[in-house]
Amino acid sequence: MVSRRDFLNGALWGGAGLALALRGTARAAVGGSGALRTRAIPATGETLPVIGAGTSGSFVAEIGSDKYRRLKEAMTIFFDSGATVFDTSPNYGGADRVLGALLEEGGWRDRCFLATKIAADSRAAAERQWAQSLEALRTDHVELLQVHNLRDWKTQLPFARELKEQGKTKYVGVTHYLERGLDEMAAILRREPLDFIQINYSVNAPEAAKEVLPLARDKGVAVLINRAFDDGSLFSTVKGRPLPGWAAEVGAESWAQLFLKFALSHPAVTAVIPATSKPKHQRDNLNAGRGDLLSEARQRELMAMDW
């Protein structure tokens, strides 16, 4: 795995072509005053708002509890903004059941680009899990079905493709959340037709930009980014630290927005999916999808900080 120092000393995205692509992306219209920036899914041209949401940790709640009500408020803010992408998994401590209940209660299912995962070690287990996922999510289909953390992907990716052929999902992909998965992810990208990948990418873990993100762009594969906040550890590092003087120039009013804008500034990235149960944080995250993105120089400046 490439070191962070070697990464910073090399080309940010492995070539001038991608740098040129960023400049075009950074100039892209955000879709009107206050609207979220959107990007196209290469496989179909369907556009998605660049700020989505995850459920890991944040959606572990009892239905009807105070936290559940806060989640509903956060989701109201999310969908009222025009955001659509929600990512979940059957092994997130019951988060899919909470998400399914809230989507039904809020009447948001038709507005939601719903992504879930297969996390199983056999075809039979995957079939059972898929049936349980549909029940938990209170739906008969999802927009995106992903193989969780590359788990048994040689079995589960063909199963996901069968479900796609049956109209049970529109897109298929694979995920991972750590740098150690990047080499296998790159190998799969080279030999397997995919609609999406999902990987981690952040200012303190930018290794995906060395090979996987350029490869996804070349192959026409959409990219969801997880762990843009490194599970919240980045906030401890910047606690009490002022924003860079140029933050206001890109419309960033918080470190959260800068971290999300960093991820979105790579032209291969389709959307980021930060998880939160707090309405205030939901608003903050959404604002990262408005305004300008970061130049290569500003991305380098963030990566070079003492993380």
[X] [atom1] to [Y] [atom2] distance, which is reported to the nearest 0.5 Å:
X: L163; Y: Q156; atom1: CG; atom2: CD; value: 10.0 Å
X: D96; Y: R138; atom1: CG; atom2: CZ; value: 11.0 Å
X: R283; Y: I77; atom1: CZ; atom2: CD1; value: 3.5 Å
X: K72; Y: L102; atom1: NZ; atom2: CG; value: 7.5 Å
X: M185; Y: R190; atom1: CE; atom2: CZ; value: 12.5 Å
X: L258; Y: L243; atom1: CG; atom2: CG; value: 5.5 Å

same_hphob_cluster([X], [Y]) at 4.5 Å side-chain heavy-atom cutoff:
X: I41; Y: L36; value: no
X: L48; Y: I197; value: no
X: V85; Y: L145; value: no
X: W130; Y: L99; value: yes
X: I273; Y: V212; value: no

K261: partners by salt bridge (Lys or Arg N to Asp or Glu O under 4.0 Å), with sequence neighbours left out: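 Applying salt bridge (Lys or Arg N to Asp or Glu O under 4.0 Å) to K261 gives none.
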Heavy atoms only: give me the nearest [X]-[Y] pair and the separation to one decimal.
X: S58; Y: L71; result: O-CD2, 3.7 Å
X: T55; Y: S89; result: OG1-N, 4.4 Å
X: A120; Y: D152; result: O-CB, 3.5 Å
X: P42; Y: G220; result: CB-O, 3.1 Å
X: P90; Y: T116; result: CD-OG1, 3.8 Å
X: L260; Y: P274; result: CD2-CG, 4.0 Å

Any side-chain heavy-atom pair of [X] and [Y] under 4.5 Å:
X: V223; Y: I199; result: yes
X: I118; Y: R151; result: no
X: Y171; Y: T44; result: yes
X: Q146; Y: L224; result: yes
X: M75; Y: C112; result: no
X: E143; Y: E46; result: no
X: F86; Y: W108; result: no
X: L194; Y: L157; result: yes

Ignoring hydrogens and angles, tell me if any N or O in the side chain of [X] forms a donor-acceptor pair with the backbone of [Y] under 3.5 Å.
X: R227; Y: Y177; answer: yes
X: Q257; Y: E253; answer: yes
X: K117; Y: D87; answer: no
X: R123; Y: F159; answer: no
X: D195; Y: G173; answer: no
X: N200; Y: N226; answer: no

Could you label the plane-to-plane angle of the [X] and [Y] rings as parallel, tilted or perpendicular, counting under 30° as parallel and over 60° as perpendicular?
X: W255; Y: W307; value: perpendicular
X: F196; Y: F113; value: tilted
X: H266; Y: Y201; value: perpendicular

CA sep, side-chain torsions, deciding dist, call: L134, T139, side chain to side chain contact (heavy atoms under 4.5 Å, CB included): CA-CA 5 Å; L134 293 180; T139 190; 4.1 Å; yes
So for atom [atom1], which belongs to [X], do other residues, nucleotides or ligands contribute more than 12 heavy atoms lying within a distance under 6.0 Å?
X: K168; atom1: NZ; result: no
X: K278; atom1: NZ; result: no
X: Q166; atom1: CD; result: yes

Residue pair E301, W246: steps toward the side-chain hydrogen bond (donor to acceptor under 3.5 Å, both in side chains) verdict: CA-CA 11 Å; E301 180 181 333; W246 47 261; 3.1 Å; yes
Inspect the contact between [Y] and [X] and indicate whether a charged nitrogen and a carboxylate oxygen are less than 4.0 angstrom apart.
X: E184; Y: R191; value: no
X: E73; Y: R69; value: no
X: D284; Y: K280; value: no
X: E165; Y: R161; value: no

Candidate pair K210 and L182, rule side chain to side chain contact (heavy atoms under 4.5 Å, CB included), full reasoning: CA-CA 10 Å; K210 187 68 177 182; L182 291 175; over 6 Å; no
From CA spacing to verdict: side chain to side chain contact (heavy atoms under 4.5 Å, CB included), S295, E249: CA-CA 11 Å; S295 67; E249 297 175 19; over 6 Å; no
Verdict with reasoning, F59 to Y92, per ring-ring contact (aromatic ring centres under 6.0 Å, His included): CA-CA 8 Å; F59 272 63; Y92 285 171; over 10 Å; no
Trace of the side chain to side chain contact (heavy atoms under 4.5 Å, CB included) decision for L114 with L103: CA-CA 10 Å; L114 182 57; L103 287 173; 4.3 Å; yes
Between S202 and N204, a side-chain donor and acceptor under 3.5 Å: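 Indeed, the side chains of S202 and N204 share at least one donor-acceptor pair under 3.5 Å.
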